[in-house]
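Heads up: the structure comes next, in structure tokens.
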2 protein chains.
Amino acid sequence: MGREAIVSSTTAPGSPVALDPEQACPIAPVVDIVFSRWTTPILWALHEYGRQRFVELERRLTTITPKVLTQRLRQLERDGLVVRTYHPEVPPRVEYEISELGRSLAPLFATLAEWSAVNLDQVDQARRDYDARQRGTGRR
Amino acid sequence: MGREAIVSSTTAPGSPVALDPEQACPIAPVVDIVFSRWTTPILWALHEYGRQRFVELERRLTTITPKVLTQRLRQLERDGLVVRTYHPEVPPRVEYEISELGRSLAPLFATLAEWSAVNLDQVDQARRDYDARQRGTGRR
DNA sequence: CCCATTACTTTCCTATAGGTACCTACTATA
DNA sequence: TATAGTAGGTACCTATAGGAAAGTAATGGG
């Protein structure tokens, strides 16, 4: 999600007040941090399967490239959501696990999983209905 | 997020089992539907401020273009999360509101807002710490 | 006539996350 | 020697969501 600064705040009377980004959508920064193609699955895997090595994550998240896995893990480490532990061994041994802060996302993930289980079918159905409608009359 | 089909499922014994996308991250489809640059703020505004016209949303979400607003609203309508109501008037009057299905996202949004309020500062702090560490020693 | 309102539409461009393909370093083992 | 393991690094390319800028249609009012 974008992160540009938006100057607050006024428009003509009677029309909606244009809001600064925090009020426009206070959850935008979290969404930006946690939800993307690979960040979410990485966090999910660490939550689900616990502490593991780079190559374990790589295998588990089958189609991810080492490049992207590295990038995402670095960012997650920087955000404080993941802890990286280096072991001076050969072959190299580096382990990743969810941090305290990262673990605080667990209720959120649970809510998402719940919503997914209960409602995704309805989204699919809505899409089918919408597409059928589009094939009939045009938009009004 | 990507949605490519991944063939399940086996690797050598003792190593993590590569999973199909649903098990790899069951929340990925929801994330794909709900969380993006403009989808999330649109849903948030409709939840927060209720039924409103295109131009009201546009003004509220200050920097969004009519093109993108239209696209996102179309997709949200298609997903069944938003209801569009056309009024045969001049000037044109079209209103958008959250659907039943869309309203079921409210607990999720509340959890996100809560996490945001409580934890974003820690993310900022973690980033500062990480960056300071990077400026000191290199990575080990 | 011009300007205003509303809800879009169209064309072209940009930014960036991710993808592709190759590579490095350091052992350990056959 | 080659191959294996691990954790990455580098250069270039691609796909796509979003951005920029122009436009349309149908009134209504000054």
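These numbers were taken from a predicted model, which means no experiment stands behind them. Chain letters run A, B, ... following the sequence lines, proteins first, then strands; residues in each count from 1.
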Next on the checklist: In this structure, how many angstroms lie between the P atom of dT27(C) and the NE2 atom of His87(A), rounded?
Outcome noted: 18 Å
Next on the checklist: Parallel, tilted or perpendicular, judged at 30° and 60°: which one describes the rings of Phe35(B) and Phe35(A)?
Outcome noted: parallel
Checklist entry - Closer than 4.0 Å, any side-chain N/O of Arg72(A) to the OP1 or OP2 of dA17(C)? => result no
Next on the checklist: Taking only side-chain N and O atoms of Tyr96(B), does any of them lie within less than 4.0 angstrom of OP1 or OP2 on dT6(C)?
Outcome noted: no
Item to check | Side chain of Arg84(B) (C-beta onward), nearest among dG18(D), dC8(C), dG9(D) | outcome: dC8(C)
Item to check | Residue mapping more 5' on DNA chain C - nearest nucleotide basis, Pro91(A) or Lys67(A) | outcome: Lys67(A)
Checklist entry - Which of parallel (below 30°), tilted (30 to 60°) and perpendicular (above 60°) describes Trp44(B) and Phe109(B)? => result parallel
Checklist entry - If you check every side-chain atom of Pro92(A), which of dA7(C), dG19(D), dT6(D) has the closest atom? => result dT6(D)
Checklist entry - In whole angstrom, what separates Arg74(B)'s CZ from dT10(C)'s P? => result 10 Å
Checklist entry - Reckon Thr65(A) touches a base, only the sugar-phosphate, or nothing at all at heavy-atom distances under 4.0 Å? => result base
Next on the checklist: Go through it in stages, so that I can follow the logic: the residues are Arg51(A) and Tyr96(A), the test is side chain to side chain contact (heavy atoms under 4.5 Å, CB included), and I'd like the CA-CA distance, side-chain angles, deciding distance and then a yes or no.
Outcome noted: CA-CA 6 Å; Arg51(A) 184 187 180 94; Tyr96(A) 297 88; over 6 Å; no
Checklist entry - Atom CZ of Arg53(B) to atom P of dT5(C): distance rounded to whole Å? => result 12 Å
Next on the checklist: To the nearest 0.5 Å, what is the distance between OG1 on Thr39(B) and CZ on Arg72(B)?
Outcome noted: 5.0 Å
Checklist outcome for this item: Whole-Å distance, Ile64(A) CD1 to dA17(C) P, equals 14 Å
Item to check | Atom pair distance, as rounded to whole Å: CG in Leu69(B) and P in dG18(D) | outcome: 12 Å
Checklist entry - Which of these nucleotides, dC26(C), dC8(C), dT6(D), is closest to any side-chain atom of Val90(A)? => result dC26(C)
Checklist outcome for this item: Atom CG of Leu61(A) and atom P of dG19(C) are separated, to the nearest Å, by 11 Å
Next on the checklist: Just the rounded figure in Å: distance from C1' of dG5(D) to CZ of Arg59(A).
Outcome noted: 9 Å
Item to check | Listed nucleotide nearest any side-chain atom of Pro66(B), set dC8(C), dA7(D), dG19(D) | outcome: dC8(C)
Item to check | Distance in angstrom units between Arg93(B) CZ and dT27(D) P, rounded | outcome: 17 Å
Checklist entry - Taking NZ, NE, NH1 and NH2 as the nitrogens, is one of them in Arg60(B) or Glu58(B) under 4.0 Å from a carboxylate oxygen of the other? => result no
Item to check | Given dC8(C), dG18(C), dG18(D), the nucleotide with the shortest approach to the side chain of Ser36(A) | outcome: dG18(C)
